[in-house]
Amino acid sequence: MPGTGRTRRALENATGSMDGKVVLITGGTSGIGKATAKALAAMGAEVVVHGRNRKRGEQAAEEIRRESASDKVSLLLADLAVQDEVRRLAKEFEASHDRLDALVNNAGLIADRRTETPDGIELTLAVNHLASFLLTNLLLDLLKKSAPSRIINVSSEAQRQAKRIDFDNLQGERRYGAFRIYGQSKLANVLFTYELAEWLHDTGVTAFAMHPGGVNTNFGKGNRSLMSLLFRVFKPFMRSSEQGADTVVYLATSPEVEGMSGEYFSDREVTKPAEGAYDEAARKRLWEVSEELTGLRAAAR
Ligand SMILES: NC(=O)c1ccc[n+]([C@@H]2O[C@H](COP(=O)([O-])OP(=O)(O)OC[C@H]3O[C@@H](n4cnc5c(N)ncnc54)[C@H](OP(=O)(O)O)[C@@H]3O)[C@@H](O)[C@H]2O)c1
């Protein structure tokens, strides 16, 4: 039986076997992503962990192998703030795997001040939304070939704070508030999921967005945003990473969500997101803007 008490607790919550399945988890070096990787590896999945730093990535992969008692864990590296690296990640994945059963777009951050990536895009939008948008689209053919397959976008209840996408301030170019821009990127995760589910109708590929709860991870560590301060204050009351991963693991594995798609989940339940997520025009506009900002031309269509 696989390793530590923590892994066992995560496993108690997981359902079904993942033998023969391949999953890719972005941001697998820490927090919710690492806990998800441990649970899925312990269920028998071949887990590809994405990280951006080789040393941290190798340490995380080793810990996941040890705690899940699985040797089917590998590492791929990419800074998701750099679109060429996202493209390379997709290529490397395709070159080394002939199937993808679950893609977990988990990597994310909050930035206390406005920063631009080497592509000239605001960092939060680039990592939290555009990297998921680009990676998902680049891997869609493989996901379709592997159907039934699932895409899980790790969003946040912070999307409620944004209420709607402000296309005139999508990148915080007019005014920048860390929480507002973070919330908007997490609302973008939900809009992207809804639109994606529509495009993927009848393909056997399903898409979900989810909120993991308030989870005690490295999130926001080292920056001075209000959210990071709140994180420090509420740390003792927050969930463990294993608890935060529970709904991700559920969506990646459970037969209960078979046939469902385009839903936002929290604590394994379908939940209503912010009103702005139901704005169909905003969904379509976000897709077009995302295509423009990533240089992607209609890969999904
Ligand atoms: N913690 C919460 O309470 C909470 C609540 C709601 C939603 N979420 C969401 O949950 C997801 C996971 O967060 P977490 O709480 O587990 O935080 P975390 O411990 O900070 O993990 C974030 C992961 O994202 C990776 N990452 C960040 N920027 C990256 C970049 N430019 N390129 C590649 N990887 C990058 C990190 O890599 P490094 O290890 O290299 O830094 C790390 O693996 C995020 O999408 C977050 O928005 C968290």
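Atoms within each ligand, like the ligands themselves, are counted from 1 in listed order. As the structure is a prediction and not an experimental result, all values here were calculated from the model. Reckoned from all heavy atoms, side chains included, excluding hydrogens, waters and symmetry mates.
Ligand-side atoms of ligand 1 in range of Gly31: 16 (O), 19 (O), range being under 4.0 angstrom from any heavy atom. The Asp79 neighbourhood of ligand 1 comprises atoms 30 (C), 31 (N), 32 (N), with distances under 4.0 Å to a heavy atom of that residue. Atom numbering of ligand 1 starts at 1 in the shown order; those under 4.0 Å from a heavy atom of Gly214 are 3 (O). Atoms of ligand 1 found under 4.0 Å from any heavy atom of His50, numbered from 1 in the order shown, are 33 (C), 34 (N). Each of the atoms 28 (N) of ligand 1 lies under 4.0 Å from some heavy atom of Leu109. Numbered from 1 in the order shown, with element, the atoms of ligand 1 that lie under 4.0 Å from a heavy atom of Ala78 read 32 (N), 33 (C). The distance from ligand 1 to the heavy atoms of Val154 drops below 4.0 Å at these ligand atoms: 9 (C), 10 (O), 11 (C), 45 (O). Numbered from 1 in the order shown, with element, the atoms of ligand 1 that lie under 4.0 Å from a heavy atom of Gly27 read 23 (C), 24 (O), 25 (C), 43 (O).
Protein heavy atom in closest approach to atom 22 (C) of ligand 1: Gly108 O, 3.7 Å. The protein heavy-atom contact nearest to atom 18 (P) of ligand 1 is Ser30 OG, 3.5 Å. Here the heavy atom of the protein found nearest to atom 35 (C) of ligand 1 is Arg52 NE, 3.7 Å. Among protein heavy atoms, atom 11 (C) of ligand 1 sits closest to Asn106 O, 3.1 Å. Of the protein's non-hydrogen atoms, the one nearest atom 7 (C) of ligand 1 is Ser155 O, 3.1 Å. Summary of contacts: the protein heavy atom closest to atom 15 (O) of ligand 1 is Thr217 OG1, 2.6 Å. Here the protein heavy atom with the shortest distance to atom 43 (O) of ligand 1 is Thr29 OG1, 2.7 Å.
Contacts between Ser241 and ligand 1 below 4.0 angstrom, taking non-hydrogen atoms only, are absent altogether. Only the side chain of Arg56 comes within 4.0 Å of ligand 1, judged by heavy-atom distances. The proximity of Val127 to ligand 1, defined as any non-hydrogen pair under 4.0 Å, is limited to the side chain. Using a 4.0 Å cut-off between heavy atoms, Lys221 makes no contact with ligand 1 at all. The proximity of Ala131 to ligand 1, defined as any non-hydrogen pair under 4.0 Å, does not occur for either the backbone or the side chain.
In terms of heavy-atom proximity, Leu143 sits nearest to Leu100 at CD2-O, 3.5 Å.
Residue pairs meeting the salt bridge (charged side-chain N to carboxylate O under 4.0 Å, His left out) criterion with at least one member in residues 18-34, sequence neighbours excluded: Lys34-Glu63.
Within the set Leu89, Asn105, Val215, Ile32, the minimum heavy-atom distance to atom 48 (C) of ligand 1 is found for Ile32. When the heavy-atom distances from atom 4 (C) of ligand 1 to Ala111, Gly213, Gly244, Gly220 are ranked, the shortest goes to Gly213.
When each of His129, Glu116, Gln83 is checked for a side-chain contact (heavy atoms from CB on, under 4.5 Å) with Ile121, only Gln83 meets the rule. Partner of Tyr264 under the side-chain contact (heavy atoms from CB on, under 4.5 Å) criterion, chosen from Lys272, Gln159, Glu269, Met210: Gln159.
By the 4.0 Å heavy-atom criterion, Ala81 is counted among the residues contacting ligand 1. For the pair Lys34 and ligand 1, no heavy-atom separation below 4.0 Å is found.
In this structure a side-chain-to-backbone donor-acceptor pair under 3.5 Å is present from Thr247 to Arg268.
Val127 and Leu286 are members of different hydrophobic clusters when ILVMFWY side chains are connected at heavy-atom separations under 4.5 Å.
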